[in-house]
Amino acid sequence: MVVVRGATTIACDEQEEIKRAVKELLDQISSCNGLNKDEFVSIVFSSTSDIHSYYPAKAAREAGYQSCSLFSATEPDIVGGLKLCIRVMVFLEKNILPRHIYLRGAKVLRRDLSSVYDVAIDGPAGSGKSTVARRLAEDLGILHLDTGAMYRACALKVLDCGVDVNDERAVVDILRSATLDVKYENGVQRTFVDGEDVSERIREPHVSMAASSVSKHPSVRIHMAEKQREIALKMSCVLDGRDIGTFVLPDADFKFFLTASPEVRAKRRYDELVAKGHKIDFEALKAEIVARDEQDMGRAVAPLKCAEDAILIDTSNLTIDEVVAAVKSKMQEQI
Ligand code: DC
């Protein structure tokens, strides 16, 4: 079964406009793919929730698509999504290479539902990248890989073993002998070291700087990047980290670099840690974040930096919703 996809937007939510738009969309799908109307097996429509006046399925019948089964549904609202948009999937019992049709400003967010695409979100601590990456992955229905959690897990194991985080050989020996895993529970990443769920422990403040220290060792980075590529090549992912767009996936389909002033980033971390019950000195936390930035930006291999082709977003004065909407609309523009 081959699927042709398409979408169009309408000028207003009126019966005649919906009928016109549906006919135009189906006729174009038909002519651009060299199809007869009776070769359509099923047509499935979904439209944004601001369309009420007429069922696209009914409009399709009236446009002459008589012999196939038809279905219309309403989509949930998506922040930053297109308004007054009708999407369609046409199922065919014909072996063609489909040409998807997008009219009147409608765009596809996923270039092809069957293809793998990756979104790289890099940035310093507290820039909001993990939260944005998690929300984006949720909305797109793809995996979120928090690569910082992997360095944190390595650091935790090194600390637990009483080894010096600056001793590259000892750190790599531990990394090679330990089993580091990420698993997903209800779409949320859990991090395991030798079978133990360390998702909470890796967030403890003393692990942050240790993670930055182990991550400066070239052999550690190469090991981690290989694991991350293995995951990202198999399935569509949003990956957040420091070097995703520059080193791990230089050909990522979409690249973003989030930043914010050190003051704002320190305040975000402070609020997060205090909410978890930690007693924190704000100035010391801010100094630690600045020191970590310097260490992450200054290392020889794959330092923290904005890829030349990444879109830079300063999140200092934006809410998470606003950043997610900005990322999505930039993605739409690139498709
Ligand atoms: O994003 P985070 O705070 O969880 O990351 C912890 C440390 O791990 C960070 O200071 C540097 C390192 N890291 C890295 O070097 N490369 C990545 N892709 C992710 C994190």
Side-chain angles (χ1 to χ4, degrees), residues 110 113-123 125 127-161 163 165 171-208 210-215 217 219-245 247-249 252-254 256 258 269 272-273 275-277 302 320 324 327:
R110 296 173 207 176
L113 291 176
S114 60
S115 74
V116 171
Y117 66 97
D118 293 305
V119 186
I121 303 188
D122 290 306
S127 57
K129 61 189 187 316
S130 291
T131 315
V132 168
R134 190 175 59 242
R135 284 272 309 276
L136 185 68
E138 222 173 82
D139 289 356
L140 298 175
I142 62 176
L143 204 78
H144 166 215
L145 183 61
D146 171 357
T147 61
M150 297 167 71
Y151 289 96
R152 286 172 178 271
C154 169
L156 184 69
K157 180 76 187 177
V158 169
L159 292 174
D160 282 353
C161 292
V163 162
V165 290
V171 169
V172 162
D173 281 348
I174 288 180
L175 186 57
R176 293 217 174 102
S177 64
T179 315
L180 204 155
D181 267 325
V182 291
K183 295 183 184 164
Y184 292 86
E185 283 171 17
N186 303 322
V188 176
Q189 178 175 323
R190 307 291 302 177
T191 307
F192 293 80
V193 176
D194 294 332
E196 182 199 348
D197 185 344
V198 294
S199 311
E200 269 76 46
R201 284 187 67 211
I202 58 171
R203 300 290 156 200
E204 284 174 16
H206 70 287
V207 181
S208 302
S212 172
S213 297
V214 297
S215 77
H217 302 311
S219 44
V220 171
R221 300 209 70 79
I222 288 163
H223 181 94
M224 294 297 195
E226 271 169 16
K227 270 185 165 264
Q228 292 156 11
R229 284 186 200 119
E230 217 174 273
I231 298 172
L233 292 177
K234 263 194 271 179
M235 57 198 115
S236 297
C237 295
V238 182
L239 298 95
D240 79 85
R242 302 288 188 287
D243 60 341
I244 309 301
F247 180 67
V248 179
L249 300 174
D253 305 80
F254 304 96
F256 295 92
L258 305 190
R269 269 293 136 86
E272 225 172 81
L273 291 168
K276 282 186 187 163
I320 291 294
V324 174
V327 166

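Fair warning: this is a prediction, and the values are worked out from it, not measured in the lab. Just so it is clear, the values below take in all heavy atoms, side chains as well, and ignore hydrogens, waters and symmetry mates.
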With [X] via side chain to side chain contact (heavy atoms under 4.5 Å, CB included) - residues at least two apart:
X: Ser212; result: Arg292, Gln295, Asp296
X: Ala155; result: Val207, Ala210, Ala211, Val214
X: Arg135; result: Ile320, Asp321, Val324

Check whether any side-chain heavy atom of [X] lies under 4.5 Å from a side-chain heavy atom of [Y], and answer yes or no.
X: Leu136; Y: Ile121; answer: yes
X: Gln189; Y: Tyr184; answer: yes
X: Val198; Y: Arg152; answer: no
X: Cys154; Y: His223; answer: no
X: Leu140; Y: Ser236; answer: no
X: Lys129; Y: Asp122; answer: no

Applying side-chain hydrogen bond (donor to acceptor under 3.5 Å, both in side chains), name anything that partners [X], two or more places apart in sequence or on another chain.
X: Thr131; result: none
X: Glu272; result: Arg269
X: Gln228; result: none

Practice problem: State which residues pass salt bridge (charged side-chain N to carboxylate O under 4.0 Å, His left out) with Glu196; sequence neighbours excluded, sorted by chain then number. | Solution: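 Glu196 satisfies salt bridge (charged side-chain N to carboxylate O under 4.0 Å, His left out) with Arg201 only.
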Quiz item: Just by modelled atom types, is the Ser199 backbone N or O under 3.5 Å from a matching donor or acceptor in the Thr191 side chain?
Solution: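 No, because the side chain of Thr191 does not come within donor-acceptor range (under 3.5 Å) of the backbone of Ser199.
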Self-check item: Asp118 side chain to Asp253 backbone, donor-acceptor under 3.5 Å
Solution: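 No, the answer is negative, given that no donor and acceptor are paired below the 3.5 Å cut-off.
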Quiz item: Pairs in or reaching into residues 220-240: which pass salt bridge (charged side-chain N to carboxylate O under 4.0 Å, His left out), with residues at least two apart or in two chains?
Solution: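 Output for this query lists Arg221-Asp243.
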Quiz item: If you look only at pairs with a residue in residues 140-150, which of them pass as a salt bridge (charged side-chain N to carboxylate O under 4.0 Å, His left out), with sequence neighbours excluded?
Solution: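 Counting only pairs at least two positions apart or across chains, the salt bridge (charged side-chain N to carboxylate O under 4.0 Å, His left out) contacts touching residues 140-150 are Asp146-Arg203.
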Enumerate, atom names and distances included, each donor-acceptor pair closer than 3.5 Å involving a side-chain atom of residues 172-181, sequence neighbours excluded.
unit_1 : atom_1 : unit_2 : atom_2 : d
Ser177 : OG     : Asp173 : O      : 3.2
Ser177 : OG     : Ile174 : O      : 3.1

